[in-house]
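Heads up, the thing below is written out as structure tokens.
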There are 2 protein chains.
Amino acid sequence: METSDLRKAGLKATLPRLKILEVLQQNKHDHLSAEDVYRRLMDNDEDIGLATIYRVLSQFEDAGLVIRHHFEDGHALFELEQGPHDHLICVKCGKIEEFFDNEMQQRQRDLAQKSGFDLSKHTLVLYGECQASNCENDTTLKKDSS
Amino acid sequence: METSDLRKAGLKATLPRLKILEVLQQNKHDHLSAEDVYRRLMDNDEDIGLATIYRVLSQFEDAGLVIRHHFEDGHALFELEQGPHDHLICVKCGKIEEFFDNEMQQRQRDLAQKSGFDLSKHTLVLYGECQASNCENDTTLKKDSS
DNA sequence: ACTTTAGATGCGAATGATTCACAGTCAAGA
DNA sequence: TCTTGACTGTGAATCATTCGCATCTAAAGT
């Protein structure tokens, strides 16, 4: 059923690619590293090499199917392309929320234009402390255990 | 003269640290990698180990003296802390421009608040094509030579 | 269905940025 | 000046990511 998506992107519909796509779809709202994808496939007894995952994720990125992010620590995280949106990251628990604000997008276009740039994309990340009751329980960004 | 800055930050005023600070000040408007700093010091016949540069830059970051960025490729780039501002990056020549827009900052605070986040910092990068006549001459982000 | 072949894959080695370990050094307070 | 804890240089170690290459396989043609 997604084989067509891949063909449209000029990619052969191979099993590894379909499985990777499936993992991304099952985690639509997360941001996964190549390792994350790899582990999830392992857990599912899919035997796909890590190098393949890196290759495929890059191809997906080129094809516009996924977005690659480099948040705080510089390591790559991927998410399915789901239209423009920005991120809000809790510095305590690492939770990543998404949001969209039209007015902000518009202002970004204006500012780029004012500087003589033909805007092609942007990255906006807001960092702060969330108020979730389970905050501090996640470990994604934890550095020490005070 | 900057030894006081270092002491204030709780760091001993050592020669390597002063030299690194000096390089950052001489390149106030650039964004340097640890390697960049290293090369500049080498060119100046300063014999400072690369590991020291990484260590010192991290300490400067902790002390709030420098900001660490992870643009497109995930590698760390540093710049002297010079108050809040955002970045505009040319996808063709790699030029990085800085700008500041109060209204945008305000809207970011509002949005974070709306989501229940206590905003502590943010990252906004706009990517596009610049109109500089010498665009395409830089190589920072070049990938192929079409 | 069977062949062909360009493009994919898996494996392990290679790379590049960054960090670590540790022995030698130095800034700064007594 | 002496002492000491913090700092540094070196080279090795680590971690994410990419490469090289022999092997496979999707998909287009017979």
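Each chain gets a letter, A, B and so on, in the order its sequence line appears, and its residues count up from 1. All of these numbers come straight from a predicted model, not from anything done at the bench.
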*Can you tell me how far P of D:dT25 sits from CG of A:L6, to the nearest Å?*
18 Å
*In whole Å, what is the span from the CG atom of A:L57 to the C1' atom of D:dA16?*
13 Å
_Under-4.0 Å salt bridge between A:R40 and A:D43_ = no
*Rounded off to whole Å, could you give me the CG-to-P distance for the B:L15 and C:dG24 pair?*
22 Å
*Rounded to the Å, how far apart are B:E61 CD and C:dT18 C1'?*
13 Å
*Applying side-chain contact (heavy atoms from CB on, under 4.5 Å), run through A:L41 and A:I53 and close with a yes or a no.*
CA-CA 10 Å; A:L41 288 169; A:I53 295 178; 3.8 Å; yes
*Could you state the atom-to-atom distance from CD of A:Q59 to C1' of D:dT18 in whole Å?*
13 Å
*asked:* What I want to check is whether the side chains of A:Q106 and A:D110 have a donor and an acceptor closer together than 3.5 Å.
replied: yes
_Show every salt bridge (charged side-chain N to carboxylate O under 4.0 Å, His left out) that has at least one partner inside residues 111-129 of chain B, sequence neighbours left out._
A:E72-B:K121, B:K92-B:E129
*Can you check the A:H70 NE2 to D:dC15 P distance for me, whole Å?*
20 Å
*Where the side chain of B:E35 meets the backbone of B:S33, is there a donor-acceptor pair that is under 3.5 Å apart?*
no
*Indicate whether OP1 or OP2 belonging to C:dT9 is found under 4.0 Å from a side-chain N or O atom of A:R17.*
yes
*In the hydrophobic clustering that connects Ile, Leu, Val, Met, Phe, Trp and Tyr at side-chain heavy-atom distances below 4.5 Å, which members other than A:L111 occupy its cluster, ordered by chain and number?*
A:L88, A:F99, A:M104, A:F117, A:L119, A:L124, A:L126, B:L88, B:F99, B:M104, B:L111, B:F117, B:L119, B:L124, B:L126
*How long is the line joining NE2 of B:H69 and C1' of C:dT18, in whole Å?*
19 Å
Could you pull out the protein-nucleic contacts involving nucleotides 28-30 of chain C (nitrogen or oxygen on both sides, under 3.5 Å)?
unit_1	atom_1	unit_2	atom_2	d
C:dA28	OP1	B:R7	NE	2.7
C:dA28	OP1	B:R7	NH2	3.1
C:dA28	OP1	B:A13	N	3.3
C:dA28	OP2	B:R7	NH2	3.1

_d(CG, A:D73; P, D:dC15) in whole Å_ = 14 Å
*Does CD in B:E98 sit with more than 12 non-hydrogen atoms of other residues, nucleotides or ligands closer than 6.0 Å?*
yes
Identify the pairs formed between an N or O of the protein and an N or O of nucleotides 11-16 of chain C at a distance under 3.5 Å, and give each distance.
none

_Contacts of type ring pair (Phe, Tyr, Trp, His ring centres under 6.0 Å), residue A:H87, not counting sequence neighbours_ = A:H31, A:H69, A:F71, A:H85
_Partners meeting salt bridge (charged side-chain N to carboxylate O under 4.0 Å, His left out) with A:E103 (sequence neighbours left out)_ = B:R107
*D:dT17 OP1/OP2 closer than 4.0 Å to side-chain N/O of A:Y54*: yes
